[in-house]
Amino acid sequence: MESKVTVRTIAGAKKSGRRLAMVTCYDATFARLLDESGVDVALVGDSLGMVVQGLPNTLPVTLDEMIYHCRAVSRGIRRAHLVGDMPFGAYQASPEDALRSATRMLKEGGVEAVKLEGGVEMAETVAKLVRVGIPVMGHVGLTPQSVHAMGGFRVQGRDTDSAQRIVLGAQALEAAGAYSIVLEGMPAHVAAEVTRAVSIPTIGIGAGPDCDGQVLVLYDLLGLPGDFTPRFVRRYEELGLRTRAALGKFVDDVRAGAFPSAEESYEARAPEAAGAGPSPKYGPHS
Ligand code: KIV
């Protein structure tokens with residue numbers, strides 16, 4: 001096994017020029033695959049509200065739901081660095097509130113770091129968490145938890161003032177002790193400027209090629225959603241199409257009586273050896 005990825009690995013990546021690969025993850029099965037694939041960072045993103053729960057945005061996702069998914073993912077992760085998103089409402093009220101929420105994410109969710117959205121306005125909160133030993137990943141630019149304030153999921157930093165706010169936000173996060181920053185939804189030249197302006201790694205999504213790393217939502221990368229693919233997504237698979245085809249074949253086989261075969265069925269055993277029979281629960285049956 002490759003050695004464990006930690007905050008030190010992440011911090012060192014910028015100096016060594018090794019680009020970081022981060023992918024979102026929401027369950028133990030995909031976590032195991034991600035861990036074995038060499039991905040550096042598994043992010044339990046609050047995007048789970050949209051891709052797992054079917055919500056129009058991430059705002060309704062609760063701290064308990066995040067912790068549930070973090071705990072599941074943590075069971076599949078051995079090598080990758082594990083980060084959990086702080087959901088909307090779990091950290092904005094006060095640094096103390098943020099500390100309580102982040103503590104639960106680490107204790108109950110098993111994550112190694114938390115991510116929160118916002119720049120200058122979040123610096124005090126970041127400092128509070130970092131002071132007590134909780135690593136924090138920042139997130140600036142298109143911050144989905146501010147969807148209503150932005151008037152939709154809109155690219156940020158298109159004018160000089162907005163670009164300047166992003167740069168200052170990233171610098172404030174670094175000064176507060178954040179160990180890395182997600183740059184989401186901004187022109188490539190703005191992300192490049194932020195990446196030059198801070199000494200911690202930047203991880204981009206819809207932010208062009210000049211970040212220190214890249215992150216994609218797992219379901220987007222695998223081609224699981226339907227028709228709409230945002231411009232910044234590269235689909236490395238078409239699992240949506242393949243899943244639909246596989247399910248269709250299953251339906252055909254069931255209707256035609258072609259599943260299960262004799263090999264896929266249990267045979268009678270002598271009553272004394274049969275015991276109580278196979279467990280009705282999902283799992284390996286004997
Ligand atoms: O919630 C999420 O998945 C994220 C990534 C897109 C960075 O924040």
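Indexing begins at 1, ligand by ligand and atom by atom, following the structure's order. Worth saying up front: this structure is predicted, and the values here are computed from it rather than measured.
If you number the atoms of ligand 1 from 1 as listed, the ones under 4.0 Å from a heavy atom of Ile205 come out as 6 (C). Below 4.0 Å from some heavy atom of Thr24 lie the following atoms of ligand 1, by number and element: 3 (O). Against a heavy-atom cut-off of under 4.0 Å, Gly45 is close to the following atoms of ligand 1: 1 (O), 2 (C), 3 (O). Atoms of ligand 1 found under 4.0 Å from any heavy atom of His139, numbered from 1 in the order shown, are 8 (O).
The backbone N or O of Met105 sits nowhere less than 3.5 Å from a side-chain atom of Glu108 that would complete a donor-acceptor pair. Checking side-chain atoms of Thr143 against main-chain N and O of Val140 turns up no donor-acceptor pair under 3.5 Å. Counting only distance, with no hydrogens or angles, the side chain of Tyr26 and the backbone of Asp46 share no donor-acceptor pair below 3.5 Å.
Between Glu36 and Arg79, no side-chain nitrogen of the basic residue sits less than 4.0 Å from a carboxylate oxygen of the acidic one, so the salt-bridge criterion is not met. Under 4.0 Å is where a charged nitrogen must lie from a carboxylate oxygen, and between Asp97 and Arg100 at least one such pair does. A salt bridge does not link Arg78 to Asp35: none of the charged nitrogens lies less than 4.0 Å from a carboxylate oxygen.
When Val83, Leu129, Asp85 are each tested for a side chain to side chain contact (heavy atoms under 4.5 Å, CB included) with Val114, only one passes: Leu129.
When non-hydrogen atoms are compared, ligand 1 lies under 4.0 Å from the backbone of Asp46 as well as from its side chain. Looking at Thr58 against ligand 1, nothing comes within 4.0 Å, counting heavy atoms. Contacts with ligand 1 closer than 4.0 Å are made by side-chain heavy atoms of Asp85 only, the backbone lying farther away.
Put simply, part of Lys115 is less than 4.0 Å from ligand 1, judged by heavy atoms. Using a 4.0 angstrom heavy-atom cutoff, Met22 does not count as in contact with ligand 1.
Of the candidates Gly206, Gly84, Ser47, the one placing a heavy atom closest to atom 3 (O) of ligand 1 is Ser47.
Looking at His81 and Glu112, their side chains come closer than 4.5 Å, going by heavy atoms from C-beta outward.
Residue Tyr26 has no N or O atom closer than 3.5 Å to an N or O atom of ligand 1.
What sits closest to atom 5 (C) of ligand 1 on the protein, heavy atoms only, is Leu43 CD2, 3.7 Å.
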